[in-house]
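Okay, structure first, notes after.
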Protein chains: 2
Amino acid sequence: MDMRFDLAQKAQDDTALVMAGAPSGKGCGGQYCDRCEVRDQAICADLDEQQRGALNRIGRRVSLQAGQTVMWEGDSSTLVANVIEGTLKLSTSTGDGREQIVGVVYASDFIGRPFGARTPHSVTALTDARLCLYPRGAFDGFAREHPVLEHRLLQRTLDDLDRTRAWMLLLGRKNAREKVATLLLDMHNRLPADRGGVIELPLSRQQIADVLGLTIETVSRQIGDLKRMGLIALAGRRGVRIVDADRLEAMAEGE
Amino acid sequence: MDMRFDLAQKAQDDTALVMAGAPSGKGCGGQYCDRCEVRDQAICADLDEQQRGALNRIGRRVSLQAGQTVMWEGDSSTLVANVIEGTLKLSTSTGDGREQIVGVVYASDFIGRPFGARTPHSVTALTDARLCLYPRGAFDGFAREHPVLEHRLLQRTLDDLDRTRAWMLLLGRKNAREKVATLLLDMHNRLPADRGGVIELPLSRQQIADVLGLTIETVSRQIGDLKRMGLIALAGRRGVRIVDADRLEAMAEGE
DNA sequence: CTTATGCATTGACCTCTGTCAAAGCGGGCG
DNA sequence: CGCCCGCTTTGACAGAGGTCAATGCATAAG
């Protein structure tokens, strides 16, 4: 059976569980916000203590396991959230099941579609994750009353749009080697490395393929080539160390 | 010589002309806004008369000829604008000159990068066009003081992001036939048709290729195939009529 | 109306990436 | 510690789309 369909089934059940199981009225809570890991990076950063308290009251914390899907492409938009911890993918699919990952989000990022009727893409946890979840209607109302929040959301959305458009160049005009090199550099810049300089990829080979618009076989071959050329070193299935960043950057640009 | 480079050269000169030649202090002007064709669709729609007057004072109207470039990828972001009339493309390129069109904008759309240091893509007129142009700094300041404007800008940016992500699915996962069919339907939905049902494409074959991540030859072959199959009819270089929308939609989805 | 220019089409060929199938191997479980 | 499952790698092959080159044909200038 297709792994992706498998995950989807599982997640559908789990999501229902999360929704039902969360204690109502228990928001992020002022006490949570005070020690929130992403308080200074997330969109709530510019709110004062009182405003944050008010936002708290409409939200709640939720834990996700790797593989769980929080929102489904095409569903009516009922939830938005801040990512407290973990990595998630945003994805869309064609009618016949081809998938494209349209974004990868990290701690402090915002997910969901405020001010819109439909969720344009699915959101699925790649690692275990924690969210600060808000009902969309209440969030929209709060945002409209707090321009500092909307401003921060606007900045974030503009940044997302820039990054997304840059990725279109990769999808439309780069070859497989350039695509893989670009992704490895991108992850290298965004993920923490251990002492040995090894980063743990949050994506399987199939997911890398889904981000780059390739097949798993092509991704595997390209990574193998880069290793054989001595530009990268592999450590297990998910570990990667950039050995020669300059040459890898040259590859990424097609030089 | 490469057509695209040629255009670029030409536009660089012309842009300078426009900037220097515009009478300073002559804004869109209250009298212009009153008869503005896009007043109710552009981001200024929710401003009251007085606020619109204030925004006017920092902007001015500018005319562009087809082929002129208004903003350059990577330049510092100094301008933003509303499109009054015409069609423009947003594009990025790799170091070695491969181009990807990352967006096509029409009347009432907003262009430029507010709240950011750099322009992430070039903006070039595909047809003759008119803009309502604002210096970025002044626009940013005005926007921060007028949450209704920022809200409208946020909605527009969220919509852009949705559309851009949907396009990523096309770039990463659709084949040439599906890409071309999708584009023709998209244009059919957004452009006015004459009595005969013929739409005038604002894009040359090369530009269609740059939107779809294909070569001009592949685009030409696919359009030829669709014509031979009786799904579309051609009228000159730019004219297209959708003959069988249902079958074309099936093509677009790969069915 | 005619001509010239440049965009568009068509053809031949080749390469890159996808497809299908089999083997390898990392990591969790017993 | 070893086994087994599922992800990953590797191989052989096919086909979609790119490349290079020549021809066709709108369109606008004369």
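Below, chain A is the first sequence line, B the second, and so on; all start at residue 1.
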_Non-neighbouring partners of Arg247(A) that pass side-chain hydrogen bond (donor to acceptor under 3.5 Å, both in side chains), sequence neighbours left out_ = Asp244(A)
*With sequence neighbours excluded, residues passing side-chain hydrogen bond (donor to acceptor under 3.5 Å, both in side chains) with Thr218(B)*: Thr215(B)
_Phe110(A): which residues meet the ring-ring contact (aromatic ring centres under 6.0 Å, His included) condition with it, sequence neighbours left out?_
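Result, ring-ring contact (aromatic ring centres under 6.0 Å, His included) vs Phe110(A): Phe139(A).
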*Asp162(B) and side chain to side chain donor-acceptor pair (under 3.5 Å): which partner among Arg113(A), Arg118(A), His121(A)?*
Arg113(A)
*Please determine if Glu85(B) and Arg61(B) form a salt bridge, counting it only when a charged side-chain N lies under 4.0 Å from a carboxylate O.*
no
Rounding to a whole Å, what distance do you find between [X]:[atom1] and [N]:[atom2]?
{"X": "Gln206(B)", "N": "dT9(C)", "atom1": "CD", "atom2": "C1'", "value": "14 Å"}
{"X": "Asp225(A)", "N": "dG11(D)", "atom1": "CG", "atom2": "P", "value": "11 Å"}
{"X": "Ile208(B)", "N": "dT9(C)", "atom1": "CD1", "atom2": "C1'", "value": "14 Å"}
{"X": "Leu126(A)", "N": "dC7(D)", "atom1": "CG", "atom2": "C1'", "value": "16 Å"}
{"X": "Arg205(B)", "N": "dC25(D)", "atom1": "CZ", "atom2": "P", "value": "14 Å"}
{"X": "Leu203(A)", "N": "dC7(D)", "atom1": "CG", "atom2": "C1'", "value": "14 Å"}
{"X": "Leu201(B)", "N": "dT27(D)", "atom1": "CG", "atom2": "P", "value": "12 Å"}
{"X": "Leu234(B)", "N": "dT9(C)", "atom1": "CG", "atom2": "P", "value": "7 Å"}

*CG of Leu212(B) to CG of Leu183(B): how many Å apart, nearest 0.5 Å?*
5.0 Å
*Test side-chain contact (heavy atoms from CB on, under 4.5 Å) applied to Thr157(A) - qualifying residues, sequence neighbours left out*: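 Residues passing side-chain contact (heavy atoms from CB on, under 4.5 Å) with Thr157(A): Leu153(A), Leu154(B), Thr157(B), Leu158(B), Leu161(B).
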*In chain order, what residues pass the side-chain contact (heavy atoms from CB on, under 4.5 Å) check against Ser108(A), with sequence neighbours excluded?*
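Only Val38(A), Gln41(A), Arg156(A) meet the side-chain contact (heavy atoms from CB on, under 4.5 Å) criterion with Ser108(A).
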*For the helix from dC1(C)-dG30(D) to dG30(C)-dC1(D), what angle lies between the axis at the first five pairs and the axis at the last five pairs, to 10 degrees?*
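Both end axes considered, the difference amounts to 40°.
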Hey, what are the protein-to-nucleotides 24-30 of chain C N/O distances that come in under 3.5 Å?
none

_Residue pair Asp225(B), Lys227(B): steps toward the salt bridge (Lys or Arg N to Asp or Glu O under 4.0 Å) verdict_ = CA-CA 5 Å; Asp225(B) 289 351; Lys227(B) 179 187 169 182; over 6 Å; no
*Just checking, is any N or O donor in the side chain of Lys174(A) or Thr94(B) under 3.5 Å from an acceptor N or O on the other one?*
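Absent: no donor and acceptor within the cut-off.
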Can I get a per-line list of side-chain donor-acceptor pairs under 3.5 Å for residues 234-243 of chain A, giving both atom names and the distance, sequence neighbours left out?
unit_1	atom_1	unit_2	atom_2	d
Arg238(A)	NH1	Leu201(A)	O	3.2
Arg238(A)	NH1	Pro202(A)	O	3.4

*By salt bridge (Lys or Arg N to Asp or Glu O under 4.0 Å) - contacts of Arg165(B) (at least two apart)*: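 If we apply the salt bridge (Lys or Arg N to Asp or Glu O under 4.0 Å) test to Arg165(B), skipping adjacent residues, there are no hits.
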Give me, pair by pair, the N or O atoms of the protein and of nucleotides 28-30 of chain D that are less than 3.5 Å apart, along with how far apart they are.
none

*Does anything in residues 187-197 of chain B pair up under salt bridge (charged side-chain N to carboxylate O under 4.0 Å, His left out), and if so which pairs, sequence neighbours excluded?*
Asp186(B)-Arg190(B)
Which atoms of nucleotides 10-19 of chain C (N or O only) lie under 3.5 Å from a protein N or O atom, and what are those distances?
unit_1	atom_1	unit_2	atom_2	d
dT10(C)	OP2	Arg228(B)	NH2	3.2
dG11(C)	N7	Arg221(B)	NH1	2.9
dT17(C)	OP1	Ala176(A)	N	2.8
dG18(C)	OP2	Thr215(A)	N	3.4
dG18(C)	OP2	Thr215(A)	OG1	3.2
dG18(C)	OP2	Thr218(A)	OG1	2.6
dT19(C)	O4	Arg221(A)	NH2	2.8

